[in-house]
Chemist: 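Handing you a structure now.
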Amino acid sequence: MWSPVSETEVTTAPRPLLLADGRPADRAWSLDPALKHLNHGSFGAVPLVAQERQELLRVEMERSPVVWFPALPQRLAAARIELADFLRVPAGDLALVPNASAGASVVYAALALRPGGEIVVTDHGYGAVTMGAERLARRWGGRVRTARVPLDADADQAYEAVVAEVGDATELVVVDQITSATARRLPVERIGAEAGRRGIPVLVDGAHAPGLLDAPLADATYDFWTGNLHKWGCAPRGTAALVARGPLRERLYPLIDSWAAADPFPDRFDTQGTIDATAYLAAPTSLAFVERTWGWPAARRYMDDLADYGASVIGSALGADTTVEVGMPVPGMRLVRLPDGLAADRIEADALRDRVALELGVEAAFTSFDGIGYMRLSAHVYNTAADYEYFAEECVPVLGKWARENSGKRSAQ
Ligand SMILES: Cc1ncc(COP(=O)(O)O)c(C=O)c1O
């Protein structure tokens with residue numbers, strides 16, 4: 001029986017979710033039972049029912065490719081309607097792209113040359129997306145301006161920090177709806193409204209939003225939003241949405257030039273040469289599975305309660321000063337501060353992730369922000385309180401040992 005190490009109060013463990021036939025929820029996935037899976041957020045996890053659906057679609061494709069491919073755009077258009085319904089946006093605003101990175105690349109490729117133009121990003125931005133913004137700014141002969149948003153900044157402070165970087169030379173604002181390393185929200189609606197007032201396009205990186213937020217585009221006035229369905233939505237990998245409104249969207253083209261180029265947005269994204277589009281077609285199966293089994297609102301509540309519990313048991317095992325109050329919390333994700341000596345930068349955080357998987361048998365996410373290392377918890381329906389209790393009991397002592405060893409090495413240098 002697990003018991004807390006420190007005196008910190010531990011929140012109540014939510015009861016594990018079950019499948020309709022009474023089996024534990026994780027039986028609906030094919031995750032290796034020999035490992036613990038505490039990092040849904042990075043790459044998602046696909047339920048068996050959607051894997052099977054995708055496999056059936058592949059069989060159909062392989063049986064008669066010459067029938068399959070010409071009919072594909074119509075089938076993708078039908079899938080888009082279901083995915084748009086999940087996100088509560090009109091299907092005519094939503095194009096399918098393989099991932100959020102691709103969604104950002106499509107937007108970057110679409111913007112006209114702005115000599116000397118500046119792009120505003122934040123220091124919470126996803127590295128790959130920010131790198132794309134930097135490349136675009138270089139092409140323009142301009143530069144990226146990075147808004148510094150303190151981890152605990154509330155909505156007003158975060159808004160002020162971003163808007164303070166917006167000036168006459170700003171040609172694009174790129175801002176995360178839910179940040180990756182720091183698992184917090186940013187006030188994208190207000191930032192979008194202000195940029196819109198000034199006539200500056202905004203790209204919202206909503207990679208984590210589908211499934212975690214009920215209606216991620218409600219109250220949105222921004223031009224471009226991209227989000228992954230293969231993260232919290234559990235869709236097969238390579239399924240993301242690019243939602244675009246306003247006149248600029250007619251400039252958006254798929255990264256692969258293809259036959260539908262003369263079609264309007266978003267239809268032209270339904271034809272991208274010869275690709276395996278079965279992930280897009282199977283994606284609604286994942287969304288429907290969660291809806292049918294628990295309902296998304298109940299699933300989200302469970303993820304959030306479990307992430308709370310996980311943060312409290314792991315935080316309590318780590319000892320004092322591990323609680324992290326981010327300014328605008330996210331359902332289902334939490335940060336726990338690591339001891340000094342662990343994950344002080346991204347390279348160290350990734351190395352820790354790999355070592356924890358290899359030596360401790362746990363898939364976990366470690367991140368860093370401002371030189372401090374964090375464990376980022378992201379709980380999904382297949383996780384249970386026991387996963388976090390295991391980590392607290394078996395892995396936290398090892399993390400403590402590694403931290404002391406690393407700190408010792410550093411002070412000896
Ligand atoms: C905020 C954010 N943007 C973009 C991405 C990239 O997602 P993908 O690798 O699916 O393109 C991620 C992935 O974790 C993310 O968290």
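Values below: all heavy atoms of this structure, side chains included; hydrogens, waters and symmetry mates excluded. In this chain, numbering begins with 1 at the start of the sequence shown. Whatever order the structure lists ligands and atoms in, that order sets their numbers, starting from 1.
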Chemist: Do Arg190's NZ or CZ and the ring of Tyr159 fall within the cation-pi criteria of under 6.0 Å and 45°?
Modeler: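 Geometry flag: set, cation within 6.0 Å and 45°.
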Chemist: Okay, side chain of Gln51, backbone of Val46: is any donor-acceptor separation there less than 3.5 Å?
Modeler: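 Pair found, side chain donor or acceptor close to backbone of Val46.
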Chemist: Could Arg268 and Tyr253 be counted as a cation-pi pair, given that NZ or CZ must be under 6.0 Å from the ring centre and within 45° of the axis?
Modeler: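 Checked: cation-pi criterion met.
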Chemist: Suppose I only count heavy atoms of Ala207 and a 4.0 Å limit; which atoms of ligand 1 are within that range?
Modeler: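 Reading through ligand 1 atom by atom, the close ones are 1 (C), 2 (C), 3 (N), 4 (C), 5 (C), 12 (C), 15 (C).
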Chemist: What is the nearest protein non-hydrogen atom to atom 6 (C) of ligand 1, stated with its residue, atom name and distance?
Modeler: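 Minimum-distance protein heavy atom for atom 6 (C) of ligand 1 reads Tyr126 CE2, 3.4 Å.
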Chemist: Checking Gln177 against Leu213 for the side-chain contact (heavy atoms from CB on, under 4.5 Å) test, could you report, in this order, the C-alpha distance in whole Å, the side-chain angles of both residues, the deciding distance, and whether it holds?
Modeler: CA-CA 10 Å; Gln177 190 162 29; Leu213 303 182; 3.9 Å; yes
Chemist: Quick one: does ligand 1 sit under 4.0 Å from the side chain of Ser101, the backbone, both or neither, non-hydrogen atoms only?
Modeler: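 It is both backbone and side chain that touch ligand 1.
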Chemist: Counting non-hydrogen protein atoms only, what is the nearest one to atom 3 (N) of ligand 1? Give residue, atom name and distance.
Modeler: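 Going atom by atom, the protein heavy atom closest to atom 3 (N) of ligand 1 ends up being Asp205 OD2, 2.5 Å.
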Chemist: Using a strict cut-off of 4.0 Å, indicate which atoms of ligand 1 neighbour a heavy atom of Asn99.
Modeler: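 Within the 4.0 Å cut-off of Asn99, ligand 1 contributes 8 (P), 10 (O), 11 (O).
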Chemist: Could you tell me if the ring centre of Tyr382 sits under 6.0 Å from that of His37?
Modeler: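 Between His37 and Tyr382, which both carry aromatic rings, the centre distance is not below 6.0 Å.
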Chemist: Is it true that His380 and Tyr302 have ring centroids separated by less than 6.0 Å?
Modeler: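 Distance test on ring centres: not under 6.0 Å, no.
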Chemist: Could you work out, for atom 14 (O) of ligand 1, the closest of His230, His208, Lys231, Arg237 by heavy-atom distance?
Modeler: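 Among His230, His208, Lys231, Arg237, the closest heavy atom to atom 14 (O) of ligand 1 belongs to Lys231.
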Chemist: Run the numbers for me: atoms of ligand 1, each under 4.0 Å from some heavy atom of Asn228, listed by number.
Modeler: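 Ligand 1 atoms under the 4.0 Å threshold to Asn228: 7 (O), 8 (P), 10 (O).
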Chemist: Looking at Asp176, which atoms of ligand 1 are within less than 4.0 Å of one of its heavy atoms?
Modeler: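 So the answer, numbered in order with elements, is 1 (C).
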